[in-house]
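This report refers to the structure that appears directly beneath it.
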Number of protein chains: 6
Amino acid sequence: MEGLLTPQTQELIRMALMEDLGSGDITTENTVSPEARARGVIRAKAPLVLAGLEVARAVFSALDPQVAFRGFARDGEVLEAGTGIAEVEGSAQSLLKGERLALNFLQQLSGIATLTAECVRRIQGTKAQILDTRKTTPGWRHLEKYAVRMGGGTNHRYSLGHGILIKDNHIALAGGLAEAVERARRGCPPLMKIEVEVQTLAQVEEALRVGAEMIMLDNMACKEMEQAVRYVAGRALVEASGGISLESLEAVARTGVDFISLGRLTHSAPAVDISLKYERI
Amino acid sequence: MEGLLTPQTQELIRMALMEDLGSGDITTENTVSPEARARGVIRAKAPLVLAGLEVARAVFSALDPQVAFRGFARDGEVLEAGTGIAEVEGSAQSLLKGERLALNFLQQLSGIATLTAECVRRIQGTKAQILDTRKTTPGWRHLEKYAVRMGGGTNHRYSLGHGILIKDNHIALAGGLAEAVERARRGCPPLMKIEVEVQTLAQVEEALRVGAEMIMLDNMACKEMEQAVRYVAGRALVEASGGISLESLEAVARTGVDFISLGRLTHSAPAVDISLKYERI
Amino acid sequence: MEGLLTPQTQELIRMALMEDLGSGDITTENTVSPEARARGVIRAKAPLVLAGLEVARAVFSALDPQVAFRGFARDGEVLEAGTGIAEVEGSAQSLLKGERLALNFLQQLSGIATLTAECVRRIQGTKAQILDTRKTTPGWRHLEKYAVRMGGGTNHRYSLGHGILIKDNHIALAGGLAEAVERARRGCPPLMKIEVEVQTLAQVEEALRVGAEMIMLDNMACKEMEQAVRYVAGRALVEASGGISLESLEAVARTGVDFISLGRLTHSAPAVDISLKYERI
Amino acid sequence: MEGLLTPQTQELIRMALMEDLGSGDITTENTVSPEARARGVIRAKAPLVLAGLEVARAVFSALDPQVAFRGFARDGEVLEAGTGIAEVEGSAQSLLKGERLALNFLQQLSGIATLTAECVRRIQGTKAQILDTRKTTPGWRHLEKYAVRMGGGTNHRYSLGHGILIKDNHIALAGGLAEAVERARRGCPPLMKIEVEVQTLAQVEEALRVGAEMIMLDNMACKEMEQAVRYVAGRALVEASGGISLESLEAVARTGVDFISLGRLTHSAPAVDISLKYERI
Amino acid sequence: MEGLLTPQTQELIRMALMEDLGSGDITTENTVSPEARARGVIRAKAPLVLAGLEVARAVFSALDPQVAFRGFARDGEVLEAGTGIAEVEGSAQSLLKGERLALNFLQQLSGIATLTAECVRRIQGTKAQILDTRKTTPGWRHLEKYAVRMGGGTNHRYSLGHGILIKDNHIALAGGLAEAVERARRGCPPLMKIEVEVQTLAQVEEALRVGAEMIMLDNMACKEMEQAVRYVAGRALVEASGGISLESLEAVARTGVDFISLGRLTHSAPAVDISLKYERI
Amino acid sequence: MEGLLTPQTQELIRMALMEDLGSGDITTENTVSPEARARGVIRAKAPLVLAGLEVARAVFSALDPQVAFRGFARDGEVLEAGTGIAEVEGSAQSLLKGERLALNFLQQLSGIATLTAECVRRIQGTKAQILDTRKTTPGWRHLEKYAVRMGGGTNHRYSLGHGILIKDNHIALAGGLAEAVERARRGCPPLMKIEVEVQTLAQVEEALRVGAEMIMLDNMACKEMEQAVRYVAGRALVEASGGISLESLEAVARTGVDFISLGRLTHSAPAVDISLKYERI
């Protein structure tokens, strides 16, 4: 429960161990002596922002509490290709069994952190912050939101229970924007703000009028977003969302929005390359 | 347990519902009437190969067994942008609560199927088959291997218990390639073949000599792979692996290998764009 | 997942069935014929506000899907002593096995709703709302917060992840109130407000100055609370907390605070009396 | 599995950690340094009988095995207001995260022990013992029965599988008292006694005649109970149940019954006040 | 929860499905069309007492709720070789996937019922009853105790919480037989009897003197057991245990003991032969 | 996850602890002091092949991490009657609570290893190997396959996902043997071989012709098996299965088959006798 290792993460590690080792490791058990010991280094094969070191440690520890795991870097650090991330040492069988799973976690989480850091870099000098979304890998919400933070991003809502965000579908089904905001305010826990998704400047006005505290500009052109920001004039937070590429990020940030949210941080970040080679000791 | 809906998948759906709805959906519960009913269409926003329809159905069904879910397409189908995938109808609250999770599954699995199909297309006319790897998202092994099949790929080992694959680390820790193969054969369940990972032609010879039934050529140049294939001459299956890009796929296939394995199918496939819009009924 | 029946609730029901029926019901199985059928009415034995009807239904349904359960009332309704709440009909064995567990849920949840309604009644005519706390029965957070709403109360934070509330212990360990608020603002997800717990008027001033959006007056006398409310003057929400009895509720509400939070709603509400008598059919 | 820490208790702790910390502790993580260390004392704020110390310890230990937890008292001890119960020391973040959950367990379990002890005190000098019932908080059976023992009470049946108790509903559905007892005897495991619930003296006679080994007098007046005890004359154990208040306890005990069972011990015991304040070290 | 299908049983079925189908059924999925339908009969291949029919039904139903399962016999029935037990009909793939698991349950549980019935038959005409023990297959306690009942046996304690049985190890560690019984009586829930394991007639006397309500004669010769029974003379129940073979059963029963307990019923009953053959429809 | 202690095994241990200790151990808790310490030796009471020592250790360790467990033998060792297997030392209560469960695991797993070793012994000098089947105790697949290995046997398929075995039911439902093999080959993962079950020599020919890599001779007479082996002549592996008794084992092995599979190893092995006696220290 310290940092990453919540019950959810532990459950995910357990599921993943079952997936890969549920019927044993017939290669390792048949080729390597149970007495053999080994050592290996987890190493970045490309530049990356690290995320998930404690999950990798927990994988080996769940497999075999005797494996020694020494981290050389910390989550959030920017690493050059070739940098050592951690050293593992222990039973050769245990190391072989845990290798792929530990790397699978590290590569995917560091992939998210690395992509987030690249997005943050592209808007440096503006006041905008990079937000994630709820477009996460089912089962990985906690881990992926953490990886976004490690890359310098800011977390949007953790779940449907962590903030009021009235989207187009809610407006359609609630009988209009104003009606939806009005109802939401009545049931809203006192520590939660209300955000509204809008497509037009007219909706920006309406949202502000009924007291939205944050406004999501959905798929707007930069020019329109600039108008919206100018109109809002600090009376609410403004978030740009939808259809934003790496290339257009800077332009969007320069419209003056407070936040830019990107589903791709979590649903489409490519894994980064990390290796683990063992030697007998 | 029919098709995709194994206990693992159901457990993953349960975890994902907890993540997103564990403390309720304060937007929907406060803006939309419990009596309101709605209908919506899940729609491809870009060309894709569909995978995961039954998972999407199961998400809505876990939330509310009264939601009607009518599929218009089947997993494995190639869909044009704009094609309707399924229609959902029922309680507006239930539809709003399940929307994002259903799409998260569909977009990621269809992303994998779509990338796999693209790889398969690029090697059409050769005898090579596209294989996946164990570089899957922890917790998603079953779903991702299924999506690869839907894209026309072939599954490699499901887990460490589903086949003997002696990799460089095993060779290093077992005291040599021949020694490792020999030991593996003794403990190998009778329905399992033995594969060996090699880096050099000398190792190809050694692996064949000790009776490997499949040989993985790791990170070899195409020219070397051709030599290996010629040398093996059908006495074992041959797999190309490591450092293969979409662009180099065809050249690798033309070397005559039986299989090409690609980690990116599962660890780096971008999600495809799928939408779901509701109207009140 | 509709309303109350989240995965947590279902897990709690499963645990409770195991507790009470894990080794069978040796009385029922040995005295009543498996073919016997019965009918019974769940009935309020004292005036109460109902909460948990769907949990009671789910208990019987988990035991035996053939049991018919017809509700006569709805959660949140005020019922006189003697009123019928629901009728159950089915296998006599199933009804006998589920009786106590269904009542245990209903009596405790309705106890919370009933106490909450009494508190709400006592402050009618003021602008204050009754809030719950995180002092809930471990494992019951979701159910108890629901029961508070059924009694007319408002939910405070669902969990430590659902809002920033800087308490005395945080201030002590963070190096002061202003420092804590400042840091919290930097990491705070955009849809979350910041609340600060204070003991003195000086702290009220400090909290307001550094931008707290909600202020919890901890264990203050009514007179002091009035001064605080006057000083805040609408610039933040104000919550009274600590040491408030049923008797002092009205006086506290008249100080002008926006919210009054009461741990007793969930940790000390006495169960209400509800009976279930069967007859053979 | 030592004492209280059965798999059920551990599962309940896990559920409770998920409830409160499933999406992190955004206050603590954003205000207090991960390096900060703290110390605090858990302290009785009112006189109480302690129960649940090992659960509190387990909460901190599940969160962070590095937290040191030193108990100053033992379950079952009577403590004055102001007495220190335990000291915790470790990472300030871990201490802040576990505080409320540890107290929630301690306050509710000690509340039950304290109320039980008060009941036991009121019947001192009689031969009667205080029994609990199956009216426990679903999910808490094991913990609450333990707390009753800590308060000096005796546990009645743990579950429907732990003893034969033929109640009014069984008699109604089995075709009469004698018939029910006769059937129960045939299927009864050899180490279990048979108890029958009765409302009248005629039923006491009938129960004795068919060999009941324990008789529960349901909602009888004291005078009638005295007659029942005299009639039974040691041929069976006698339990008084139903409608017994703290005030009437002594009178009931003086009727000569062997046991007095009270649902309120577990369903309506108010939590006792226990605090935990931290200081930085 | 009806009869056999408790949460434990369902959990065991889930574990068993994972074991056998966790990575799919690659034979069935690749050889039989998903559209094919089949029908088959579960048939006794040897005389047996049936137990576990509802578990077999639940296995198919967990795999595929569309499978129709029609029972031809009931648990506890004595069946001739060749008798049809049940008919299954549905998707050919589902039937093939569930066949082995359904049979594994049926064969092992019916094996226990069949052996129990044989033991019961051998002591017919005596007053002795056949008891099981806690020597059950871990995870199968509930199912195996049920199978014993189906064979006509009586259940001894369900678990360590379901009765006081003071064995040699307790006596050794408690400081003597009388001391142990005395202490047990003080903590004993009122509906539980106390049994003592003895090796000698002197211990029988001691156990009776201190009020044991049941006495287990451990590994005694028949002659000695007769003396014990005569000495006890109905003042306690008497159980014979240890070293009793099928052949010696009748002689043991004729000593006049009330119960004979046999570990072999559950730890060594051979599976009975049951087949399931399909035809396409 | 080292060796036997996979998540499945740990889950099975947890279920078994719940079964036996879910409501406490009322004998031990009431007769033996929590401070008392004891020591005992686990001892073979009959000749046996040991299996499951680490499970026994894990049972005590799950109950109480302070119990010291020193093994004197290793799994797979042949032990004489009277040999000490392990010594346990610690809290007398913990030792008493874990005794039966630890023995239940040890006795059943060693029973399987012992029976397997007996089968292996009977075919010594032939080339045949003893195979297990999927006729395992549901929930125990992993443990029982391990015990077979400890007895010197070879594991057949772990599950339906670990090898293609086309049985009579598949042939019937797929439209013939050749058709089934042909289809299986197309979907077969590259590291898996295809086995076909046959009843006649004509089917042996057909299976070979379509390329089966292993052939299971089902319930054939020895003479016929000899003919089959001669016909196959090393072009496929040959397995004898069905209706093979301990007595006929050697004759079957002398037919020249490569493997003999026996369901009885796992579904009908009698438990072996192992004791555990404590003394106070």
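Labels below follow one simple rule: chain letters A, B, ... track the order of the sequence lines, proteins then strands, and each chain is numbered from 1.
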Can you tell me which of B:Pro138, B:Gly161, B:Ser23 forms the most heavy-atom pairs within a distance under 4.5 Å of chain A?
B:Pro138
Can you name the salt bridge (Lys or Arg N to Asp or Glu O under 4.0 Å) partners of A:Arg43, sequence neighbours left out?
none
The interface call for B:Ile171 against chain A, heavy-atom contacts under 4.5 Å, is neither
Qualifying residues under ring-ring contact (aromatic ring centres under 6.0 Å, His included), relative to B:His162, sequence neighbours excluded
B:Tyr158, F:His162
Taking the side chain as everything from C-beta on, heavy atoms only, tell me whether B:Ile26 gets closer than 4.5 Å to A:Pro189.
yes
Hey, which of A:Leu103, A:Ile281, A:Thr136 has the most heavy atom pairs under 4.5 Å with chain B?
A:Thr136
Start with the C-alpha distance between B:Glu19 and A:His142, add both sets of side-chain angles, then the distance that settles side-chain contact (heavy atoms from CB on, under 4.5 Å), and finish with yes or no.
CA-CA 8 Å; B:Glu19 275 178 356; A:His142 196 80; 5.8 Å; no
Would you check if there is a donor-acceptor pair between the side chains of B:Thr28 and A:His170 at a distance under 3.5 Å?
yes
Pair listing, side chain to side chain donor-acceptor pair (under 3.5 Å) test, anchored in residues 269-281 of chain B, at least two apart
A:Asp168-B:Lys277
Full working for side-chain contact (heavy atoms from CB on, under 4.5 Å) between A:His267 and B:Asn104
CA-CA 8 Å; A:His267 67 51; B:Asn104 282 351; 6.0 Å; no
Side-chain contact, heavy-atom cut-off 4.5 Å: A:Leu12 with B:Met15?
yes
Could you measure the distance from the CG atom of A:Asn169 to the CG atom of B:Leu95? Nearest 0.5 Å is fine.
9.0 Å
A:Glu99, part contacting chain B, at a heavy-atom distance under 4.5 Å
side chain
A:Arg157 versus chain B, the contacting section by heavy-atom distance below 4.5 Å:
side chain
Any residues in residues 53-61 of chain B near chain A, with a heavy-atom distance under 4.5 Å, and which are they?
none
Could you check whether any side-chain heavy atom of A:Gln8 comes within less than 4.5 Å of a side-chain heavy atom of B:Met18, counting everything from C-beta outward?
no
What's the separation between atom OG1 in B:Thr137 and atom CG in A:Leu143, rounded to the nearest 0.5 Å?
11.5 Å
Would a 4.5 Å heavy-atom cut-off, applied to side chains only, mark A:Leu160 and B:Thr27 as touching?
no
Heavy-atom check, side chain of A:Arg186 versus side chain of B:Asn30, under 4.5 Å:
no
Does any backbone or side-chain atom of A:Leu276 lie under 4.5 Å from a heavy atom of chain B? Answer side chain, backbone, both or neither.
backbone
Side-chain heavy-atom pair B:Leu21, A:Ser159 within 4.5 angstrom cut-off:
no
Drop me the distance from B:Arg183's CZ to A:Glu29's CD, to the nearest 0.5 angstrom.
13.5 Å
Give the member of B:Leu165, B:Ile194, B:Leu101 that has the highest number of heavy-atom pairs under 4.5 Å with chain A.
B:Leu165
Could you grab the distance from atom OG1 of B:Thr31 to atom CD1 of A:Ile166, nearest 0.5 Å is fine?
6.0 Å
